[in-house]
Amino acid sequence: MSSGIFTATEPQAAFDFIRKASIRSKSQHALPPVTIPAPDRVALLASHEVTRRAVEATPVGQSRVQWRYARVPRSCSTTPLEELVRAELGDLKVNERAVGKVVVCRVVGRPYAIFNDLTAVVEDPSGRCQRVELYNLPLDGVQAGDDLDVLFPLGTVLAIREPLLSLCDVGPEGTSVIVVDSPTDFTILTSPHSLLSSIAWSTKSSIPGFRNVEYRNIAGAYFIKQKPRLAESMYSRGLSQPDVDVTESLLLYLNRSAVNLQLGNFASAASDAATSLDLLSSSTFPSDRLKTLRGQGLLRKAKAFDGMRAWSKASSSYLDLLEHSPGNADAVASLRRVDNRLAESNTGTFDWVDVFRRRGQGERSLDVGDHIGPVRPAVLAGRGGGRGVIAARDIKAGELILVEKAFATAFPAPTTQGSMDLPRNARLEVTEQSVEGGKADVNVSLMHDLVFNLVARLVRNPSLASKLYSLHGGHNFPPNCGVPEASFTAEEGIPDSTCCPDIDPERLNEICWSNVYALRKGMSEPVGATDTHTNPDAVPPIALFPFASLFNHACVANAGRETSGDCIIIRSRKAIPAGTEIFIEYSSAIEPDRQKQVSKHIPDGCPCELCQAEEFDHSVIVMARESMAESAPGLMDLVREGSVETWGETYGVIQRQLENASATYRPDNPAHLKPALFALHLVLAEHLLSYPTQKVPDNVADSVLSACTCVGAVLEVSFPPNVVDVVVKEAPYVYGSEVVAAMCLSAKAYREAGRKLEAAAWLKAAKRMRAVLSGGGDDLFVALGDGKRYR
């Protein structure tokens, strides 16, 4: 375990520090378990205070960057506190978890925090001291100084379940630290807990005590100062005191609900507000005060359910508030918005123009309802005991299957020009975890942030753990397929106070590596659009979507996915019969290393039809094919710069390149499995549009049709003397927006040739293709700029 503090002007020193810590860590953790002498109390407290002052002196987000590095695997205790046997610090052995033991200790060295990790010095009843590091703590921005002392004041008593004593990676030989990876692995003990009744401390220390009303007043002062985390702590301490009367409890719960709303602890806010409403009947307040308090409780309960995205509960709560306070403007506006979200969830009807407009504006968080279409999860044979998603009924092409808001997200930290994101780069430099093979190619540091955000989400509402832990987490954490389907579709509710599942950061880490998605542009992104969150060279944000994680992979999938803000949208790209498994792509069919990227999920290789068709292709042939496909932009430049005199020569060059690329596919390769030919067919279509002596719209349309076929789009074209029509049967599995643009190119060719019926048919089909890809109607077609190629 190591920690360091560096300024932005010391990147090389930081990297050297981390590399040395990494090397030393490997050797130290290979040592056999052994007891070590007690640290010198005075020296330990003095060095700890020096570090704390250094942390306080360097503001977070400005010049300070820090590093925390843990080589040992993260762990989580699953043994209930009451089943553990008490041990002293001297009983612990380095590199050995104290299984079946609990250490009761108290804070004697003022804490400091780096990111979301807290360091303090503790002592056991005998007076032996030890440094302890508590990881993955939702501190809500509290880092050091007096504010952190409020959360963990001197004298705070901790019960640490099955602790691990580890040697530090830096510092003097033998320096040790207790590592606590999970926030559920320690409990703050207060009287009259049974563990405290039998303990006699050899030194004197205490936490300042107040009367209940003083806790409330102190918390109120913190709330006014915009320090909600401290206010929440004080309200909680007030509620933990013995013999709190009903009136005081009511006010503490009601006020804490307001603080929890500000912190985003919506489940706790809902619970506190509901408790305060229940206590009203037992209180002695006058009627006018009771009415005011009831109104506050109803509003906070409604806001809490709103924040939890429990739309039906929020709607009902806002109606209760309006019955109590008719005409409340806040309640009226909020009810209208919540009912819109509820309608989206129930019907799958969304304002797609607004959804994609907000994506184009780079909004990170979209206020939309979650919708699960006509599908259901199922345990499937050949999935190693895992699950998939199947069609609950016949599904039409373009039908909405899923809209899901992320359970948790992680966005790259903004950096100023000329600076470097040292902690993130350093983690990438020394990590042993591969970043390949997931549903997204992600930054290791972002994954660390995502895991912490999941931990924080479970701290706020432990009842969500069963849904999260049911997901596949690699070989060490197989999926729990026994979790009912309702866990994925039910609204989030008020957590059971008696249900406190253990939070396992290592399991969450593996779940993330197996299921994370990058928030990149989707298959229907407009041509030429840039990434909505970052530039193309930057690391994309990542997110975890529990229901979307149940879909299995196929390179040529029968459904397509895209993201907008922090939401994932999945649609069928073709008709899917009832009972058929629905697939999405984890890695695009045009990614040359897609097999490697999905190998974590499909170790024996992807069995989809595209991968089977390419199974026997020699690597030299594949490279040649890719090279010819990459020549398309250069050929397009020839087309745009050409003249009447050079038209025939350019046509020959394009035709030969297309023939050569086609020859890299085996003769029995199906036409719809040749994505490398797509761009070359489009170049030919563009060139035919500029034929110098006459219009050849049929030739342009043939090239467009060939391009669409190469990527799985199925179009049925009817010609005279039959009714002119172009029917969209299936959307492409890649190049969605480019296919729409190509169809508009056919419409343009017929329009310029004066053949209005064919032009109208192709334009209508292009709009239908957009609807299959992204929903919406003509308005979305215009908003995404699809019609530019028709002009």
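The figures that follow rest on heavy atoms only: side chains count, while hydrogens, waters and symmetry mates do not. Sequential numbering from 1 along the given sequence is applied to the chain's residues.
- Rounded to the nearest 0.5 Å, atoms CG (Asp351) and CG (Asn340) are 10.0 Å apart.
- Between Arg656 and Glu659 there is no salt bridge, since none of the side-chain N atoms of the basic residue sits less than 4.0 Å from a carboxylate O of the acidic one.
- Side-chain contact, Thr664 with Arg625: a donor N or O sits under 3.5 Å from an acceptor N or O.
- Looking at Lys767 and Asp786, no side-chain N of the basic residue comes within less than 4.0 Å of a carboxylate O on the acidic one, giving no salt bridge.
- Nearest approach of Arg561 to Tyr517, heavy atoms of both residues: NH1-CD2, 3.7 Å.
- With hydrogens and angles disregarded, a donor-acceptor distance shorter than 3.5 Å links the side chain of Arg573 to the backbone of Ala731.
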Practice prompt. Run the numbers on Glu686 and Arg640 for salt bridge (charged side-chain N to carboxylate O under 4.0 Å, His left out), then give the verdict.
Written response: CA-CA 9 Å; Glu686 287 276 8; Arg640 291 168 179 161; 5.6 Å; no

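- When every heavy atom of Leu519 is checked against every heavy atom of Asp566, the shortest pair comes out as CD1-CA, 4.3 Å.
- Residues Ser774 and Trp352 are not in side-chain contact: their nearest non-hydrogen atoms beyond the backbone lie 4.5 Å or more apart.
- Under a 3.5 Å cut-off, the side chain of Thr709 and the backbone N or O of Ala671 do not form any donor-acceptor pair.
- Residues Glu399 and Arg571 have side chains not in contact (no heavy-atom distance under 4.5 Å, counting atoms from C-beta outward).
- Contact between Cys744 and Ala766 at its shortest, heavy atoms only, is SG-CB, 3.8 Å.
- Taking CD1 of Ile401 as the start and CD1 of Ile568 as the end, the distance is 11.5 Å to the nearest 0.5 Å.
- Not one N or O on the side chain of Arg358 forms a donor-acceptor pair closer than 3.5 Å with the backbone of Leu366.
- In this structure the side chain of Leu544 never reaches within 4.5 angstrom of the side chain of Val516, judged on heavy atoms.
- Between Val726 and Glu716 the shortest side-chain heavy-atom distance does not fall below 4.5 Å.
- Among Leu400, Asn346, Ile569, the one residue that satisfies the side-chain contact (heavy atoms from CB on, under 4.5 Å) test with His371 is Leu400.
- Not one N or O on the side chain of Thr646 forms a donor-acceptor pair closer than 3.5 Å with the backbone of Gly642.
- Around CZ of Arg376, the count of heavy atoms belonging to other residues, nucleotides or ligands within 6.0 Å does not exceed 12.
- Counting only residues at least two apart or on different chains, the ring-ring contact (aromatic ring centres under 6.0 Å, His included) pairs with a member in residues 658-678 are Phe678-Tyr735.
- To the nearest 0.5 Å, atoms CG (Asn515) and CD (Glu510) are separated by 10.5 Å.
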Worksheet entry | Residue pair His681, Val704: steps toward the side-chain contact (heavy atoms from CB on, under 4.5 Å) verdict | CA-CA 7 Å; His681 278 298; Val704 167; over 6 Å; no

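- Residues satisfying the side chain to side chain contact (heavy atoms under 4.5 Å, CB included) test with Ala629, not counting sequence neighbours, are Ala676.
- Judged by a 6.0 Å distance limit and a 45° cone about the ring axis, Arg768 is not positioned over the six-membered ring of Trp762.
- When atom types are taken as modelled, the side chain of Gln612 and the backbone of Pro607 share a donor-acceptor pair closer than 3.5 angstrom.
- Salt bridge Arg341/Asp370: absent, no basic N to carboxylate O contact under 4.0 Å.
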Worksheet entry | Test log, rule side-chain contact (heavy atoms from CB on, under 4.5 Å), inputs Arg337 and Asp367 | CA-CA 9 Å; Arg337 184 184 57 79; Asp367 183 22; 3.2 Å; yes

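- Across all their heavy atoms, Asn453 and Ala408 have their closest contact at CB-CB, 4.2 Å.
- Using modelled atom types, no side-chain atom of Ser718 and backbone atom of Val724 make a donor-acceptor pair closer than 3.5 Å.
- The minimum heavy-atom distance linking Ala378 with Ile390 is given by the pair CB-CD1, 4.2 Å.
- Taking CD of Glu626 as the start and CD1 of Ile590 as the end, the distance is 10.5 Å to the nearest 0.5 Å.
- Atoms CG and SG, on Leu446 and Cys512 in that order, are 11.5 Å from each other to the nearest 0.5 Å.
- The pair Asp698-Arg755 meets the salt-bridge criterion, with a side-chain N (NZ, NE, NH1 or NH2) lying under 4.0 Å from an Asp/Glu carboxylate O.
- Residues Ser631 and Gln657 bring a donor and an acceptor atom of their side chains to less than 3.5 Å of each other.
- Side-chain contact between Ser365 and Lys405 is present, with at least one heavy-atom pair separated by less than 4.5 Å.
- Between Asn558 and Ser572 there is no side-chain heavy-atom pair separated by less than 4.5 Å.
- Side-chain N or O atoms of Arg751 include none that pairs as donor or acceptor with a backbone N or O of Lys756 at under 3.5 Å.
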Worksheet entry | Candidate pair Ile654 and Leu680, rule side-chain contact (heavy atoms from CB on, under 4.5 Å), full reasoning | CA-CA 7 Å; Ile654 298 171; Leu680 294 172; 5.9 Å; no

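- For the pair Pro732/Met769, a side-chain contact is recorded, criterion being any heavy-atom separation below 4.5 Å from C-beta on.
- The closest donor-acceptor contact from the side chain of Thr580 to the backbone of Pro577 lies under 3.5 Å.
- Nearest heavy-atom pair across Ile395 and Ala391 is CD1-CB, 3.6 Å.
- Proximity of Phe547 to Leu471: side-chain heavy atoms (C-beta onward) are nowhere separated by under 4.5 Å.
- Side chain of His687 to main chain of Trp647: a donor-acceptor pair is present (N/O by atom type, distance under 3.5 Å, no hydrogens or angles).
- Separation of atoms CD1 (Ile584) and SG (Cys555) is listed at 12.0 Å; rounding is to 0.5 Å.
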Worksheet item: Can you list the steps and then say if Arg770 with Ser737 is a side chain to side chain donor-acceptor pair (under 3.5 Å)?
Response: CA-CA 8 Å; Arg770 171 53 69 198; Ser737 288; 3.0 Å; yes

Fill in: Step-by-step side-chain contact (heavy atoms from CB on, under 4.5 Å) determination, Tyr651 to Leu684
CA-CA 7 Å; Tyr651 176 83; Leu684 182 59; 3.6 Å; yes

